[in-house]
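This report refers to the structure that appears directly beneath it.
Everything numeric in this text was worked out from a predicted model, so none of it was measured.
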Amino acid sequence: MCEVAMEEQGSEITDMERCSSREEYGVMVETARRRVNPPLSVVWTTMLYCSEFITACILCKSYHKTNDVFWMSLTITFMLVPAVLIQLTLTFIHRDVGRDRPLVLLLHLLQLGPLIRCFEALVVYFKAGRNEEPYVTLSRKTNLEKGREMELEVGQAERTLATHRNAFKRTAVIQAFLGSTPQLTLQLYANIQEKYTLSVRLALMIITLVSITYGALVCSVLAIQITYDSIKVRLRPAAYLCMVLWRALEITTRVTTLVLFSTALTHWVILVGGLNLLFFFFLPWVEFWAQKGSLAEGVENNFSKLGTAVVLCMFTLLYACINVFCWSAVELDLAHQELINRKQSWRRLVLYYSGRFLENLVLITLWYFFKSDFFVYVCALLVVVQLLIGYSLAVLFMMLFYQFCHPCRSLFKYNVHDCLHCVCCRRRAASRRGSMPPSYSTAATMLKEEPLELLDPRNCLPPDEPESLA
């Protein structure tokens with residue numbers, strides 16, 4: 001998964017095997033041929049889509065044999081709804097509606113769109129480099145290690161592969177949070193209610209967990225690429241390891257908490273999930289109306305206001321579904337052309353994880369007191385402690401990522417260590433002011449003097465956006 005994600009973040013601009021460079025006005029211009037990276041992310045997303053779809057079909061057949069109509073209906077729903085949305089997304093991104101491609105449209109109707117798109121991407125990759133082709137456009141990025149701008153020529157094959165990669169990034173997120181997440185929640189709940197484990201159901205749960213983790217990983221990488229669009233972003237393996245552990249623990253503990261709570265208070269979980277979904281769905285719209293933005297500027301110029309509103313509602317629904325289970329890593333700005341706020345609000349990140357930790361604590365505590373007889377032979381207190389520790393570890397890996405592994409951490413005005421250190425300084429300064437009179441001695445001490453700026457509460461808060469490059 002890490003190799004696929006590394007190809008994901010490096011697909012926009014790749015390294016040069018042998019290049020000639022010249023400096024013009026501080027810009028390094030790369031003019032040689034580049035090695036085109038294989039579309040591993042496209043193949044991986046297609047494999048996840050096909051494996052989950054086929055496994056869900058086999059499980060539905062098993063439910064049909066045992067006359068479990070309820071489980072079968074929900075499994076089919078969570079299998080077909082994301083599949084249809086994926087076909088619409090691929091058709092919309094590649095703009096195939098007005099083109100004469102009947103075979104492609106037929107395969108999309110048969111829910112086989114990712115297969116033909118993956119085949120097209122592989123054909124483009126294997127044909128790339130055989131014939132000399134002029135570059136289509138120039139891409140200018142800033143290399144943080146070299147401290148200068150690089151202007152790279154992008155050929156037709158590379159541009160086509162970039163389109164396929166961007167399309168499959170969106171489909172991976174849709175599959176993860178509109179299909180795999182409710183599917184995993186449903187099958188885990190069914191497994192507890194029926195008190196036995198089917199091999200097919202267990203396989204589907206494992207596949208959906210991998211799909212959700214990969215979708216969350218794509219969200220994090222996309223957030224970095226969007227925020228630092230003018231910078232050549234390169235993530236290290238340690239960064240991917242931190243993100244995988246962070247996302248896997250966060251999603252696993254969240255889904256387990258909701259499922260356990262639903263086994264004790266079945267009807268109340270609908271209220272909890274509905275309130276979460278409605279809050280994150282209307283939050284971007286409230287901010288949009290507060291900014292008095294225009295719907296016509298949000299998506300495309302050739303859309304009517306009704307079509308733009310429908311697309312924005314679907315986009316906001318996906319954003320809400322992501323935030324119900326994990327941090328989306330981006331903030332929506334419906335008044336902006338790209339629909340994404342490039343400013344990284346650390347306050348919202350802190351508020352999200354603080355609120356989510358308290359919510360999980362309340363839900364798992366209610367399950368502990370109202371659990372069913374099925375958990376008599378289970379150490380419920382140990383389960384509660386494990387879930388809380390698991391979510392705390394997820395937050396810890398998130399902090400480690402932003403502190404040590406973020407590719408653009410050098411652009412942060414403050415980092416995790418600075419914020420924590422500043423909070424401690426502020427508390428120490430407040431306690432000293434309350435216990436002793438101020439001292440203006442200039443005598444030397446063994447402790448390192450802290451700058452007065454750190455003691456200012458206005459400077460102790462994390463930034464809303466990274467510093468801009470000089």
Side-chain angles (χ1 to χ4, degrees), residues 1-2 5-6 8-10 142-145 147 213 216-254 323 326-331 341-357 360 388-429 447-448 450-451 453-469:
M1 183 184 297
C2 290
M6 290 178 70
E8 193 84 40
Q9 60 92 19
T142 300
N143 193 317
L144 290 179
E145 297 178 357
T213 304
L217 186 64
V218 170
C219 286
S220 299
V221 175
L222 279 175
I224 297 174
Q225 291 179 345
I226 292 173
T227 304
Y228 306 96
D229 181 59
S230 61
I231 298 175
K232 183 179 180 181
V233 177
R234 181 163 297 279
L235 292 170
R236 305 297 180 184
Y240 284 110
L241 179 61
C242 280
M243 283 196 294
V244 169
L245 294 175
W246 158 29
R247 292 305 196 173
L249 288 171
E250 180 183 8
I251 293 167
T252 303
T253 53
R254 177 62 176 170
N323 281 281
C326 69
W327 172 246
S328 61
V330 295
E331 298 177 24
N341 187 1
R342 291 179 180 270
K343 296 181 180 180
Q344 186 176 1
S345 178
W346 288 51
R347 292 185 182 89
R348 184 170 292 188
L349 177 67
V350 173
L351 290 175
Y352 176 86
Y353 277 102
S354 300
R356 188 63 75 207
F357 182 84
N360 288 344
L388 295 179
I389 292 178
Y391 199 82
S392 301
L393 288 175
V395 176
L396 175 62
F397 282 113
M398 182 265 294
M399 296 172 64
L400 290 176
F401 170 74
Y402 281 106
Q403 176 65 35
F404 301 106
C405 302
H406 197 283
C408 301
R409 61 187 181 277
S410 60
L411 301 180
F412 293 165
K413 187 176 181 180
Y414 295 100
N415 213 320
V416 176
H417 174 267
D418 301 323
C419 298
L420 296 178
H421 180 67
C422 195
V423 171
C424 296
C425 289
R426 186 167 53 181
R427 290 180 178 177
R428 260 195 251 112
L447 297 177
K448 182 179 179 181
E450 296 294 340
E453 289 80 2
L454 290 181
L455 299 180
D456 188 354
R458 293 173 297 178
N459 296 328
C460 292
L461 297 175
D464 289 335
E465 58 180 350
E467 287 184 339
S468 59
L469 288 176

Heavy-atom pair of closest approach, residues [X] and [Y]:
X      : Y      : result
Tyr240 : Leu217 : CD2-CD1, 4.2 Å
Ala223 : Ala329 : CB-O, 3.1 Å
Ala216 : Ile251 : CB-CD1, 3.9 Å
Ser328 : Cys219 : O-CB, 3.8 Å
Trp246 : Ala394 : CD1-O, 3.4 Å
Ser392 : Phe357 : OG-CE1, 3.6 Å

With rounding to the nearest 0.5 angstrom, report the [atom1] to [atom2] distance, [X] to [Y].
X      : Y      : atom1 : atom2 : result
Met243 : Thr213 : CE    : OG1   : 12.5 Å
Cys326 : Met398 : SG    : CE    : 12.0 Å
Leu245 : Phe401 : CG    : CZ    : 12.5 Å
Met399 : Leu349 : CE    : CG    : 10.0 Å
Leu393 : Ile389 : CG    : CD1   : 7.0 Å

ask   = Can you check side-chain contact (heavy atoms from CB on, under 4.5 Å) on Cys242 and Phe404, steps first, answer last?
value = CA-CA 10 Å; Cys242 280; Phe404 301 106; over 6 Å; no
request  = Please test Trp327 against Arg247 for side-chain contact (heavy atoms from CB on, under 4.5 Å), starting from the C-alpha separation and ending with a verdict.
outcome  = CA-CA 9 Å; Trp327 172 246; Arg247 292 305 196 173; 3.9 Å; yes
query = Side chains of Val350 and Arg347: does their closest heavy-atom pair fall under 4.5 Å?
reply = no
request  = Decide side-chain contact (heavy atoms from CB on, under 4.5 Å) for Phe397 and Leu249; before the verdict, give the C-alpha distance in whole Å, the side-chain angles of both, and the deciding distance to 0.1 Å.
outcome  = CA-CA 9 Å; Phe397 282 113; Leu249 288 171; 3.9 Å; yes
task = Without swapping roles, check the side chain of Arg356 against the backbone of Asn323 for a donor-acceptor pair under 3.5 Å.
result = yes
